[in-house]
Amino acid sequence: MKWNEFSEWGRKVADWAQDYHLTVGDRPVRAQTEPGDVLNALPVLPPEAPESMDNIFRDFEDIVMPGITHWQHPRFFAYFAANASAPSVLAEFLTSALAPQCMLWQTSPAATEMETRMMDWLRQSLDLPDGFAGVIQDSASSATLAAVLTMREKSLDWQGNQQGLFSQKPLRIYCSSEVHTSIDRAIWVAGIGQQNLIRVPIKGDWRGMDPVALEEAIEADLAAGLQPAGVILCVGGTGTGATDPISDCLDVAEKYGLYSHVDAAWAGSAMICPEYRHYWPGIERADSIVFNPHKWLGVQFDCSAHFLKAPDDLVRTLAIQPEYLKTHGKDGIINYSEWSVPLGRRFRALKIWFVLRTYGLEGLRNRLRDHINWSNDLHDKLAKTPDFEIVTPPMWSLWSFRYTPEGASDLDDLNLRLVNAINDDGRIYLTQTRVDGDLVIRFQAGQFETTKDDVMMAHDVITEIAKGLS
Ligand SMILES: *Cc1c(COP(=O)(O)O)cnc(C)c1O
């Protein structure tokens, strides 16, 4: 394809994308294909001869589209939303046309300086104090890994990268039982070892870490000659929205001089609304905080906002400077590749700029408030519906329930069958989790185009399909 043929297809793709987004609500939310359907539709051999874009595009519709689960569907209530708002799609189109590698300031000064400004806009949007600096990571998992590596290096007096961990005392990191699996993986990758990730018991309606138990765990480790290195807290856990008492836990972390990281990957977006900030009192004392604009703020995947009180600690952990990566003769510039594990970086700040300007913070706040209110309305309605039981209460727009008809014997099996039947039906999409060992069904609202009718329709679908189960 020649570049002078590009705009014809660019327009077709834009038309297709607009039509797709306007009509996606008519499609089943979860892909209805069987394993292997798409694989078997793709030729075994790579093409030797060039093919026309007409053919490629036709196959895109025929082969690819049936195997897509529609994350931009207004009745996507599974996992958490991963919103691609229209301005963010446009910004990504521009980014992919420019395709800059933004590892250093000089490899695209606009990307670096836009990133600095956008991270500060986000910091202000969450009302974090101006001591925090920010970097965009590809995902919350990467931000958490960077924070765990910083904990490791700090607690080893910066010797871990050089000497490895073999001759060191075991490092201990504390979290609750409710944290995301990205925490476990960061611990593995950092060489700290799963057995040194200590699960502190939770208590209360928020299913948050018990700070007294945290202190006891640290004391026990110190008495055993182990080395406490850091605390990982969660605000809005993935299963049920579990939220640690940030201020009380940070009191303990500070008392023992431990680095702290807060995973607010999903719920952090809601902190643009002042009325939800009581969920993280004391957040300004955390060392590291991550949240994903690619979930609830409409800035499409991937875009994870990582705030740091002392970025020098992170840079000291991750920066490596062979001669070809040095920028000579420019003082005070930031090379964001020194703030993250991967060297190469996409221009992610552009889509934040497009989205924040298109909606304004007020527009985004209103969307989030609607999602939370509608989700609460649905919760109230299902709570009053016979044979259904609310298991965990709404945390922002997330809560969980169980179908408990009288006389049912195996409730885990029944609820698994219910969630599968709902997703086969296709009008809505839900996922399950476990709460204290029981299989429960989650509900969350957060898709950008969802309406109150979409949310309330979930009640009809859930009750109708539950009745049809034998
Ligand atoms: C989604 C989520 C993550 C993982 O986010 P990625 O950006 O996909 O790595 C981590 N923690 C929580 C609480 C999440 O909800």
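All ligand and atom numbering here is 1-based and tracks the order in the structure. One-based numbering along the sequence shown.
Remark: R30 engages D424 in a salt bridge, criterion side-chain N to carboxylate O under 4.0 Å.
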Distances only, to 0.1 Å: what are the N or O pairs between ligand 1 and the protein that fall under 3.5 Å?
from	atom 1	to	atom 2	distance (Å)
ligand 1	5 (O)	N292	ND2	3.4
ligand 1	7 (O)	A140	N	2.7
ligand 1	7 (O)	N292	ND2	3.0
ligand 1	7 (O)	H294	NE2	3.4
ligand 1	9 (O)	A140	N	3.3
ligand 1	9 (O)	S141	N	2.8
ligand 1	9 (O)	S141	OG	2.6
ligand 1	11 (N)	D263	OD1	3.3
ligand 1	11 (N)	D263	OD2	2.6
ligand 1	15 (O)	T238	OG1	3.1
ligand 1	15 (O)	K295	NZ	2.9

For this session: Apply ring-ring contact (aromatic ring centres under 6.0 Å, His included) to Y174 and Y256, showing your working.
Result: CA-CA 12 Å; Y174 309 87; Y256 292 92; 9.0 Å; no
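Taking the six-membered ring for Trp and the full ring otherwise, W266 and W396 have centroids separated by under 6.0 Å. In this structure, the ring of F301 has its center no less than 6.0 angstrom from the ring center of W71.
Here SG of C234 is found 12.0 Å from CH2 of W206. Values are rounded to the nearest 0.5 Å.
At distances below 3.5 Å, not a single donor-acceptor pair connects side-chain atoms of D287 with backbone N or O atoms of H261.
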